[in-house]
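One structure below.
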Amino acid sequence: FGETNLRGSFNMSALNTAFNALAVAGGPTSQGSVRTIELIRGKSRKKMDVYAFLSDPAFQFQFDIQQNDILYVPMAQKIVALQGAVKRPMKYELAGKEGLTELLAFAGGINFNTYVDYLQIERAQADSLILLEYKLADVLSKKINVELADGDIVRDRKSTRLNSSHLVISYAVFCLKKK
């Protein structure tokens with residue numbers, strides 16, 4: 001119950017995990033949390049984090065299901081959009097004190113051609129938008145810790161300079177095989 005695309009009771013094999021049950025329920029809605037899902041069994045409540053499952057699929061086996069178990073998907077509390085030169089630009093849910101460093105890790109890191117002198121955060125505050133700018137290099141080296149708020153949009157840019165550790169070939173290449 002909660003923020004799932006399908007609500008109600010479902011019959012499933014006992015060999016399934018709570019993550020399988022979540023899939024049968026159509027997954028969380030766009031407002032539903034993927035970080036604080038609860039598996040409720042009697043008076044016991046166990047928190048599930050889909051991001052932990054994505055980084056280690058064996059994590060799902062800690063959440064076996066039994067008859068009369070309940071999955072509760074609450075509303076997501078902090079959704080942040082990440083745009084620009086990262087591996088997976090999209091919206092992410094942050095939990096607890098997670099900030100910019102964790103957000104970049106969830107996105108798979110930055111691209112090889114990311115401009116490290118620039119990072120911008122667009123934040124709605126009361127009736128106005130504010131823009132915060134940081135050096136991405138300072139964030140990555142953990143010189144500064146940047147906290148994020150619900151609704152923030154984080155942007156970084158591609159660099160026009162080529163990184164010396166990467167090679168770009170823009171012509172046809174023909175390789176000869178030695179006999």
Closest heavy-atom pair, Asp49 versus Tyr51, reported as atoms and distance to 0.1 Å, is OD1-N, 2.9 Å
Considering only heavy atoms from C-beta outward, does the side chain of Arg41 approach that of Asp64 to under 4.5 Å?
-> yes
In one Ile/Leu/Val/Met/Phe/Trp/Tyr side-chain cluster, 4.5 Å: Val86, Leu54 | yes
Taking all non-hydrogen atoms of both residues, which atom of Gly32 and which atom of Glu93 are closest, and how far apart?
-> O-OE1, 4.3 Å
Test Gln77 against Ser33 for side chain to side chain donor-acceptor pair (under 3.5 Å), laying out the working first.
-> CA-CA 7 Å; Gln77 297 301 307; Ser33 175; over 6 Å; no
Test item: Asn16 side-chain N/O and Ser13 main-chain N/O as donor-acceptor pair under 3.5 Å | yes
Charged tip of Arg157 within 45° of Tyr118 ring normal and under 6.0 Å = yes
To the nearest 0.5 angstrom, please state how far the CD1 atom of Ile144 sits from the CG atom of Leu136.
-> 9.0 Å
Glu147, CD atom: more than 12 neighbouring heavy atoms under 6.0 Å = no
Chi angles and distances behind the side-chain contact (heavy atoms from CB on, under 4.5 Å) call for Ile40, Asp69 = CA-CA 6 Å; Ile40 303 169; Asp69 279 354; over 6 Å; no
Calculate, to the nearest 0.5 Å, the distance between atoms OH and CG belonging to Tyr92 and Asp152 respectively.
-> 15.5 Å
Are Val154 and Val80 side-chain neighbours, meaning at least one heavy-atom pair lies under 4.5 Å?
-> yes
Same apolar cluster: Ile65 and Leu6, side chain cutoff 4.5 Å = yes
Between the CG atom in Asn5 and the CG atom in Leu22, the distance rounded to the nearest 0.5 Å is 9.5 Å
Looking at Leu148, Leu100, Leu104, which hits side-chain contact (heavy atoms from CB on, under 4.5 Å) with Leu82?
-> Leu104
Phe61 versus Thr17: any side-chain heavy-atom pair under 4.5 Å?
-> yes
Same cluster (ILVMFWY, side-chain, under 4.5 Å), Val73 and Ile70 = no
Smallest separation among heavy atoms of Ala107 and Lys87, with atom names = O-CB, 3.2 Å
Kindly indicate whether the side chain of Lys158, heavy atoms from C-beta on, has any atom under 4.5 Å from the side chain of Thr114.
-> no
Please report the shortest heavy-atom distance between Pro28 and Val34, naming the atom on each side.
-> CG-CG1, 3.8 Å
Ion pair present between Glu98 and Lys78, side-chain N to carboxylate O less than 4.0 angstrom?
-> no
Heavy-atom check, side chain of Asp156 versus side chain of Ile110, under 4.5 Å = yes
Does Asn113 offer a backbone N or O that forms a donor-acceptor pair with the side chain of Asn111 under 3.5 Å?
-> no
Flag the pair Arg123 / Ile153 as yes when at least one side-chain heavy-atom distance between them is below 4.5 Å, and no otherwise.
-> no
If every non-hydrogen atom of Pro74 is compared with every non-hydrogen atom of Ile37, which pair is closest and at what distance?
-> CD-CA, 4.2 Å
Got a sec: does the CD of Glu133 have more than 12 other heavy atoms crowding it under 6.0 Å?
-> yes
State, yes or no, whether a side-chain contact exists between Thr101 and Leu103 at a heavy-atom distance under 4.5 Å.
-> no
Going only through I, L, V, M, F, W and Y residues with side-chain contacts under 4.5 Å, is there a path from Ile79 to Leu132?
-> no
If you take all heavy atoms of Tyr134 and Val139, which pair is closest and at what distance?
-> CB-CG2, 4.5 Å
Among the clusters formed by ILVMFWY side chains lying less than 4.5 Å apart, do Ile121 and Met90 turn up in the same one?
-> yes
Can a salt bridge be assigned to the pair Arg45 and Glu38 using a cut-off of 4.0 Å between side-chain N and carboxylate O?
-> yes
Contact check, side chains of Arg155 and Leu119, non-hydrogen atoms, under 4.5 Å | no
Using the benzene-type ring in the case of Trp, are the ring centres of Phe53 and Phe59 under 6.0 Å apart?
-> no
Which distance, rounded to the nearest 0.5 Å, do you find between the CD of Gln120 and the CG of Leu131?
-> 4.5 Å
Would Lys46 count as a cation-pi partner of Phe63, with NZ or CZ less than 6.0 Å from the six-membered ring centre and within 45° of the ring normal?
-> yes
